[in-house]
Trainee: 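This is the structure I want to talk about, given as C-alpha cells.
Letters go in sequence order (proteins before strands), and every chain restarts at 1. Atom set for the values below is all heavy atoms of this structure, side chains included, hydrogens, waters and symmetry mates excluded.
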There are 2 protein chains.
Amino acid sequence: MTVVFYTSYFVHSKSYINNTMPKAKVSETFILNQALKIFSQKSYYHATMADIAEACGLLKGSMYHYYPSKEDLMKAVIAYVHDYFNKEVFAHAYDQKVSTRERLRKMGEVTEKMFIGPQEGCIMGNIGIETARVIPEFSDLICNFFNDWVDALTYVLKDKYSDKTAREVAEQCVSEIEGAVMMMRIYNEPRYLKDALKRVAKRAY
Amino acid sequence: MTVVFYTSYFVHSKSYINNTMPKAKVSETFILNQALKIFSQKSYYHATMADIAEACGLLKGSMYHYYPSKEDLMKAVIAYVHDYFNKEVFAHAYDQKVSTRERLRKMGEVTEKMFIGPQEGCIMGNIGIETARVIPEFSDLICNFFNDWVDALTYVLKDKYSDKTAREVAEQCVSEIEGAVMMMRIYNEPRYLKDALKRVAKRAY
DNA sequence: TTATTTACCAAACGGTTGTTTGATAAAAAA
DNA sequence: TTTTTTATCAAACAACCGTTTGGTAAATAA
C-alpha cells in the first residue's frame, strides 16, 4: 500500500508551521472538497477555475495563492481522495480485529457513501478516462489509487481464495464497481452502484 | 430496440439525392470515423475541431460545411456508433439461426474489435461520464444506446434465466464490460476487457 | 509603534477555440 | 456555352479561460 502525500503550498507558509492561520475565508480542506465536487460534477476540462473559486466564495485569481496551476490543483485533489480512501476504506481490509465478511461490508459501506452524494461518481475513474491520453501525470496517480484498492481487496479475499484467484476476483470487483458507478452517473440512478456492492460483498460469504 | 438515425446534412444536398458526389476530399463516413477516433482518444473537450479537421486532411473551418457545430458533430458520431452496434453487435442477439452460446460469442467478438484498436475504449461510456451533468442531450442518446445493449443481452439470456433474472444479469454484463473498458484505458492493458468478455460469455454455458 | 507578511480582489493579458465570412476553383446544371 | 452549386481555404472574429500583476487591508512580527 503506497500512501501518497501531496506537498501542499500551505506547508511552506510560516502561518501553517506556527499553526496561527491569519484571516482566511477558506481552509485548504475546504478548497479541496469544493474542487473535488466541481471536478466530479463537471469533469476536468469543463470545470473552470472560476467555477471552483465561486464554490469557495473566492475570485478565480485568488486560487493561485494556494495552487500554482489548475493541473496542480487537480493533482492535490487526487492525492486528497487517495489519502482519504487509504484511511477510510482500504484500511478496513487490514483490520485483523473483525471478520472477513465484516471487513468487506465496512469497505462497501464507506465506498457507497463516497460515490453517492454531491460527487455523483468516482473522480478517479472519471478523470482517468477523460485525461488518459492527454495528461499522463494524472494517469500515473490514478493507477496508484486503483492498485491500492486491488491490493486491499486481494488481502481480504486471500482468506477465501488462493493468492492468484484472490487477485483476479479483486480486480473483477473494482472493475465491476467502477462500471456500476459509470452507469449510475449516466442514468442518474444510485441503484446500479448499490446492486454492484451487494454482489461484491457476497463473494466473501 | 430503438434504432436512431441522425439526420445528416448530406441528405439535404442535391448531389447526395442524385448520387453524383462532386470533387470532395472526404466522405461523410470518413469524417465520422476520424471524429470517432479523435473524440475517443482525446475526450470531448480536449478534442478540437482543428484536430478532427486535420485527421480528415481539412482545415477546421471546412468542418462547418458538414456539421453546424461541434455538438452536432458529436451527436452524429454517437448516432453512427449506435447504428453500427445495432447492426453488427446487437443484431446477433436476435439471430434465431444459431445457438445461445454462439450468439454471445459473436457479440463478444465484435465488441472486443470495437473497443480495442484506435478507439482505445468505449466512446459512449467516455463521453457519457464526461458530459453527464454538462450536456444532457448527449446523455439521452447514450442512455438509448445502453438500453438497446441491455435489451439485446436480456433477449439472449432468457434462454437460460427467468425474465427478471435475465435482465439483471444483462445489466451486470454491460456494467462489467464498461468497467473493464475503463480499466483497460487507464492501465493501457487490453487484458482487462478480454478477461471480462470471457466471464460474460461463460454466463450462457 | 513600525515593518512585514498574508489573503484576497480587480483588472488585464495572452493564448486557444468554436464559429463566421468572403473568396476561389472545380463540378454540375441549364 | 453560361449559370449555379459545391467543397474547400484563408483569415478574421468573439468569447472564454488559465494565468499574471499590482494593489489593499488586515493580521502578525519586530
Side-chain angles (χ1 to χ4, degrees), chain A residues 8-32 34-35 38-39 42-77 131 134-135 137-138, chain B residues 8-32 34-35 38-39 42-77 131 134-135 137-138:
Chain A
S8 157
Y9 293 85
F10 274 90
V11 172
H12 304 311
S13 73
K14 279 190 180 178
S15 63
Y16 179 84
I17 294 169
N18 298 343
N19 230 2
T20 62
M21 200 85 74
K23 56 141 191 177
K25 281 186 170 182
V26 297
S27 70
E28 185 181 24
T29 311
F30 182 70
I31 291 180
L32 290 174
Q34 295 302 98
I38 303 293
F39 277 137
K42 295 201 171 187
S43 84
Y44 181 68
Y45 287 109
H46 194 76
T48 68
M49 292 300 269
D51 289 333
I52 297 165
E54 191 190 352
C56 297
L58 299 175
L59 289 179
K60 62 174 177 174
S62 306
M63 298 299 299
Y64 292 83
H65 178 66
Y66 296 94
Y67 300 96
S69 71
K70 189 182 178 185
E71 263 194 48
D72 282 281
L73 173 56
M74 183 75 253
K75 284 183 200 169
V77 170
T131 65
V134 185
I135 309 176
E137 287 176 88
F138 292 172
Chain B
S8 154
Y9 293 85
F10 274 90
V11 173
H12 303 312
S13 73
K14 279 190 178 176
S15 62
Y16 179 82
I17 295 169
N18 298 343
N19 232 1
T20 61
M21 201 82 77
K23 55 140 189 174
K25 280 187 171 185
V26 297
S27 70
E28 183 182 24
T29 310
F30 182 70
I31 291 180
L32 290 174
Q34 296 302 99
I38 303 292
F39 277 137
K42 296 202 170 186
S43 84
Y44 181 69
Y45 287 108
H46 194 76
T48 68
M49 292 300 269
D51 289 333
I52 297 165
E54 191 190 352
C56 298
L58 300 175
L59 288 179
K60 63 174 176 173
S62 306
M63 297 299 298
Y64 291 82
H65 178 67
Y66 296 95
Y67 300 95
S69 71
K70 189 182 179 185
E71 263 194 49
D72 282 281
L73 173 57
M74 183 77 252
K75 284 183 199 168
V77 169
T131 65
V134 185
I135 310 177
E137 287 175 87
F138 291 173

Trainee: Starting from P on D:dC17, measure out to CD1 on A:Ile38 and report it in whole angstrom.
Mentor: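 Going from CD1 in A:Ile38 over to P in D:dC17 covers 13 Å.
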
Trainee: Does any N or O in the side chain of A:Thr48 come within less than 3.5 Å of the main-chain N or O of A:Asp51, such that one atom is a donor and the other an acceptor?
Mentor: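 Yes; judged by distance alone, with no hydrogens or angles, the pair exists.
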
Trainee: Nearest heavy-atom pair of B:Ala47 and B:Ile38: which atoms, and what distance?
Mentor: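 Taking B:Ala47 first and B:Ile38 second, the nearest heavy atoms are CB-CG2, 3.8 Å.
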
Trainee: Under 4.0 Å between any heavy atoms, over every strand shown, what does A:Ala53 touch: base, sugar-phosphate, or nothing? Just pick one.
Mentor: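 If one applies the 4.0 Å heavy-atom cut-off, A:Ala53 turns out to touch nothing in the nucleic acid.
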
Trainee: Distance check needed: D:dT19 P versus A:Tyr67 OH, whole Å only.
Mentor: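 For the pair A:Tyr67 OH and D:dT19 P, the rounded distance is 14 Å.
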
Trainee: Separation of B:Ile52 atom CD1 from C:dG18 atom C1', in whole Å?
Mentor: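 Computing the B:Ile52:CD1 to C:dG18:C1' distance gives 11 Å.
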
Trainee: Atom CE of A:Met63 to atom P of C:dA10: distance rounded to whole Å?
Mentor: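 Spelled out: CE on A:Met63 to P on C:dA10 is 16 Å.
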
Trainee: Assuming nearest nucleotide by heavy-atom distance, tell me which of A:His46 and A:Gly61 is located more 5' along DNA chain D.
Mentor: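 First, find each residue's nearest nucleotide; the 5'-ward one identifies A:His46.
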
Trainee: For the pair made of CG in B:Leu58 and C1' in D:dA11, what is the distance, rounded to whole Å?
Mentor: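 Going from CG in B:Leu58 over to C1' in D:dA11 covers 17 Å.
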
Trainee: Check the distance between D:dC17's C1' and A:Glu71's CD and give it to me in whole angstrom.
Mentor: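 So the two atoms are 15 Å apart, to the nearest Å.
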
Trainee: May I have the distance from B:Tyr64 (atom OH) to D:dC9 (atom P), rounded to whole angstrom?
Mentor: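 Distance check: B:Tyr64 OH to D:dC9 P gives 15 Å.
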
Trainee: Considering only D:dT19, D:dA12, C:dC9, which nucleotide approaches the side chain of A:Leu59 most closely?
Mentor: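 That would be C:dC9.
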
Trainee: To the nearest Å, how far apart are A:Tyr45 OH and C:dT16 P?
Mentor: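 The answer, rounded to whole Å, is 14 Å.
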
Trainee: Students often get this wrong, so: under 4.0 angstrom with heavy atoms, is A:Ser62 touching a base, only sugar-phosphate, or nothing?
Mentor: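 If one applies the 4.0 Å heavy-atom cut-off, A:Ser62 turns out to touch a base.
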
Trainee: Counting only side-chain N and O atoms of B:His65, is one of them less than 4.0 Å from OP1 or OP2 of D:dT8?
Mentor: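 The answer is no; no side-chain N or O of B:His65 sits under 4.0 Å from OP1 or OP2.
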
Trainee: Side chains of A:Met74 and A:Thr131, heavy atoms from C-beta outward: is any pair under 4.5 Å?
Mentor: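 Of all side-chain heavy-atom pairs linking A:Thr131 with A:Met74, none is under 4.5 Å.
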
Trainee: Is the shortest heavy-atom distance from the side chain of A:Val26 to the side chain of A:Tyr66 under 4.5 Å?
Mentor: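 Heavy-atom side-chain distance check passes, below 4.5 Å.
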
